[in-house]
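A quick write-up on the structure given underneath.
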Amino acid sequence: VQLQASGGGLVQPGGSLSLSCAASGLTTSTKTMAWFRQAPGKEREFVATITWIGTNTITLHGDLVRGRFTLSGDKAKSTMYLQMNGLKPEDTAIYYCAAAAGGSFSKYYTAREDYAYWGQGTLVTVSS
């Protein structure tokens, strides 16, 4: 499985950006993808996740981004999209996409250890 992230860049506070991530080789019927981010000097933290189980789609957004970021995806393409609105300087980080060949209705995959596959990261900078 290979992950390719795109998007990111420089935006002013209050602005918007979108990220996308495509997973090639992720062919299982149940699969999960997620965004994590890592700011300089900080631990990598969970942003949002999307799980496809059969015809069902489940999403979860982290507390720090809920209401501002929206995660969506296309199961057939194993691709997810993160729309980021109302960006703040504290959103500045390298954003990493991750994927897992599995998923669950009873447990959200929010830990780094839940994901076997990782993309290269894309930088988001929020600054005036």
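Heavy-atom basis, side chains included; hydrogens, waters and symmetry copies ignored.
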Checklist entry - Where do Cys97 and Met80 come nearest, in terms of heavy atoms and distance? => result CB-CE, 3.5 Å
Checklist entry - Going from CG on Leu19 to OG on Ser6, what distance comes out if it is rounded to the nearest 0.5 angstrom? => result 7.5 Å
Next on the checklist: Do Leu64 and Glu45 have side chains that approach each other closer than 4.5 Å (heavy atoms only, starting at C-beta)?
Outcome noted: yes
Checklist entry - Can you name the side-chain contact (heavy atoms from CB on, under 4.5 Å) partners of Thr27, sequence neighbours left out? => result none
Item to check | Heavy atoms from other residues, nucleotides or ligands near CD of Glu43 exceed 12 (cutoff 6.0 Å) | outcome: no
Checklist entry - For the side chain of Thr30 and the backbone of Gly102, is there at least one donor-acceptor N/O pair under 3.5 Å apart? => result no
Item to check | Pairwise side-chain contact, Ser16 with Gln83, heavy-atom cut-off 4.5 Å (strictly under) | outcome: yes
Item to check | Residue pair Val126 / Glu90, side-chain heavy-atom distance below 4.5 Å | outcome: no
Checklist outcome for this item: In short, ring-ring contact (aromatic ring centres under 6.0 Å, His included) pairs touching residues 39-76 with sequence neighbours left out are Phe36-Phe46
Next on the checklist: Is there a side-chain contact (heavy atoms from CB on, under 4.5 Å) between Trp118 and Arg44? Walk through the geometry before answering.
Outcome noted: CA-CA 13 Å; Trp118 290 85; Arg44 192 170 298 188; 3.5 Å; yes
Checklist entry - At what distance, to the nearest 0.5 angstrom, does CD of Gln120 lie from CG of Leu3? => result 8.5 Å
Next on the checklist: Using every non-hydrogen atom in the two residues, find where Leu26 and Ala99 come nearest and quote the distance to one decimal.
Outcome noted: CD2-CB, 4.0 Å
Checklist entry - Side chains of Leu71 and Met33: does their closest heavy-atom pair fall under 4.5 Å? => result no
Item to check | Thr122 side-chain N/O to Gly7 backbone N/O, donor-acceptor pair under 3.5 Å | outcome: yes
Checklist entry - Any chain of hydrophobic side-chain contacts (each under 4.5 Å) joining Val47 to Ile58? => result no
Checklist entry - So how far is it from Asp91 CG to Ser127 OG, rounded to the nearest 0.5 Å? => result 12.5 Å
Checklist entry - Which distance, rounded to the nearest 0.5 Å, do you find between the CG of Leu17 and the CE of Met84? => result 4.5 Å
Next on the checklist: Under the side chain to side chain donor-acceptor pair (under 3.5 Å) test against Thr49, which residue among Trp35, Tyr108, Tyr115 passes?
Outcome noted: Tyr115
Checklist entry - How about Gln2: does its CD atom have over 12 heavy atoms from other parts shown lying under 6.0 Å from it? => result no
Checklist entry - Atom SG of Cys21 and atom CD of Gln4: how far apart are they, to the nearest 0.5 Å? => result 8.0 Å
Next on the checklist: With rounding to the nearest 0.5 angstrom, report the OG1 to CG distance, Thr125 to Leu87.
Outcome noted: 10.5 Å
Next on the checklist: Can you confirm whether Tyr109 sits close enough to Thr51 that some side-chain heavy atom of one is under 4.5 Å from a side-chain heavy atom of the other?
Outcome noted: no
Checklist entry - Does Lys31 use its side chain to pair, donor to acceptor, with the backbone of Lys75 at less than 3.5 Å? => result yes
Checklist entry - Lys107: what forms a salt bridge (charged side-chain N to carboxylate O under 4.0 Å, His left out) with it, not counting sequence neighbours? => result Asp114
Checklist entry - If two hydrophobic side chains count as joined below 4.5 Å and joins carry through other members, does Val1 share a cluster with Ile50? => result yes
Item to check | Linked, directly or transitively: Val65 and Ile94 (ILVMFWY side chains, under 4.5 Å) | outcome: no
